[in-house]
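Here is the structure we will look at.
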Amino acid sequence: MSGVIVTDPPKADLADVDALAGFGVATVSEAMGRTGLLGPEIRPVQQGVRVAGTAVTVLSWPGDNLMIHAAVEQCGEGDILVVTTTSPSSDGMFGELFATALQRRGVRGLVINAGVRDTQELREMDFPAWSRAVCAQGTVKATGGSVNVPVAIDGQLIRPGDVILADDDGVVVVPRERARATVAASEAREAKEAKSRAAFLDGELGLDRYGLRDTLKKLGVEYRTYEEYSSYARERS
């Protein structure tokens, strides 16, 4: 397997990246029209952490972390390393030593479509990671791959320099050209949710606030007392 290492790709503006870090993954995905989410199998190895950064992408052979070593050199302040493999893999391709090197370079975290190990050490050193698997199985360094090329994880295209936002709910990718507009859309969504939250605290129901009673009626959903429903059920038995 041959490959390429692309240097200095375009990146989203760090101010927009940091602004997106103020919103949750769910909010940002909704603000983009329910797009950009990686699948639910990519899970955090820690809890209570949210990070956003610009993607440095890695395409590796399964069970081989050579290209992660190559990618470290391409990583810098504000990046998030995004790793996938040419075919499914659960091997522990990433651990504490990689995290040490990346943290030294200002990298904010890891998203890997494979396995990670040394999870206790990663938590202790505050290096956040999201992975498809946790596995102690080691890897080799023998096969070429690519760094900073477009990759796909769970059907989502991730290009170098795109924004990666990750929290307890998962991971979302924001195309770098849409970062600023997504900040604005996320702000608007949060403002709308704040009004709904205040209304719910005041006792209003979602059925009324969102006009859902008419929806139920149109769908033929009926209200019945317990006695009415019990009689109806007996008649049907």
Side-chain angles (χ1 to χ4, degrees), residues 1-7 9 25 36-47 49 51 53-76 79-162 164-168 170-173:
M1 176 183 177
S2 60
V4 62
I5 298 172
V6 180
T7 62
V25 164
L37 286 174
L38 275 59
E41 293 82 10
I42 305 292
R43 301 298 304 149
V45 302
Q46 67 289 308
Q47 291 291 304
V49 176
V51 296
T54 45
V56 172
T57 61
V58 180
L59 180 62
S60 290
W61 197 258
D64 191 314
N65 67 5
L66 172 63
M67 298 314 296
I68 299 180
H69 283 279
V72 171
E73 183 181 26
Q74 303 305 316
C75 290
D79 287 333
I80 289 180
L81 188 65
V82 179
V83 181
T84 191
T85 53
T86 56
S87 60
S89 175
S90 61
D91 293 337
M93 298 176 64
F94 186 99
E96 175 262 338
L97 291 178
F98 271 137
T100 300
L102 290 174
Q103 201 168 57
R104 172 66 177 79
R105 302 177 74 87
V107 174
R108 297 178 174 180
L110 167 79
V111 174
I112 183 167
N113 189 27
V116 67
R117 60 183 186 176
D118 302 334
T119 55
Q120 179 178 340
E121 288 81 1
L122 294 180
R123 288 188 290 269
E124 289 173 350
M125 64 189 295
D126 295 325
F127 188 87
W130 286 256
S131 69
R132 187 169 294 274
V134 173
C135 182
Q137 177 64 49
T139 56
V140 299
K141 302 165 181 61
T143 314
S146 294
V147 176
N148 277 335
V149 298
V151 298
I153 299 178
D154 294 336
Q156 296 296 336
L157 177 67
I158 303 172
R159 301 167 305 161
D162 284 347
I164 300 295
L165 175 67
D167 62 17
D168 288 349
V171 181
V172 64
V173 55

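These numbers come from a predicted model, not from an experiment.
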Using the ring-ring contact (aromatic ring centres under 6.0 Å, His included) rule, collect all pairs that involve [range], keeping only residues at least two apart or in two chains.
range            : result
residues 134-157 : none
residues 102-126 : none
residues 117-140 : F94-F127

Partner set under side chain to side chain donor-acceptor pair (under 3.5 Å) for [X], not counting sequence neighbours:
X    : value
T54  : D79
Q137 : none
N113 : T84, R132
Q120 : E124

Quiz item: How would you list, by chain and number, every residue that makes a salt bridge (charged side-chain N to carboxylate O under 4.0 Å, His left out) with D168, sequence neighbours excluded?
Solution: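 Applying salt bridge (charged side-chain N to carboxylate O under 4.0 Å, His left out) to D168 gives none.
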Self-check item: Residues which pass salt bridge (charged side-chain N to carboxylate O under 4.0 Å, His left out) with R117, listed by chain and number, not counting sequence neighbours
Solution: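 Once residues adjacent in sequence are excluded, R117 has no partner under the salt bridge (charged side-chain N to carboxylate O under 4.0 Å, His left out) criterion.
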Please table the atom pairs, donor to acceptor, closer than 3.5 Å between any side-chain atom in residues 65-75 and protein atoms at least two apart or in another chain.
from: N65; atom 1: ND2; to: M93; atom 2: O; distance (Å): 3.3
from: N65; atom 1: ND2; to: T139; atom 2: OG1; distance (Å): 3.2

Exercise. Quick one: list whatever passes side-chain contact (heavy atoms from CB on, under 4.5 Å) with V134, sequence neighbours left out.
Key: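 Expected list: V45, V116, T119, S131.
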Quiz item: Got a sec, which pairs hit salt bridge (charged side-chain N to carboxylate O under 4.0 Å, His left out) with one end in residues 83-111, sequence neighbours left out?
Solution: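 Of all non-adjacent pairs touching residues 83-111, those that pass salt bridge (charged side-chain N to carboxylate O under 4.0 Å, His left out) are D18-R108.
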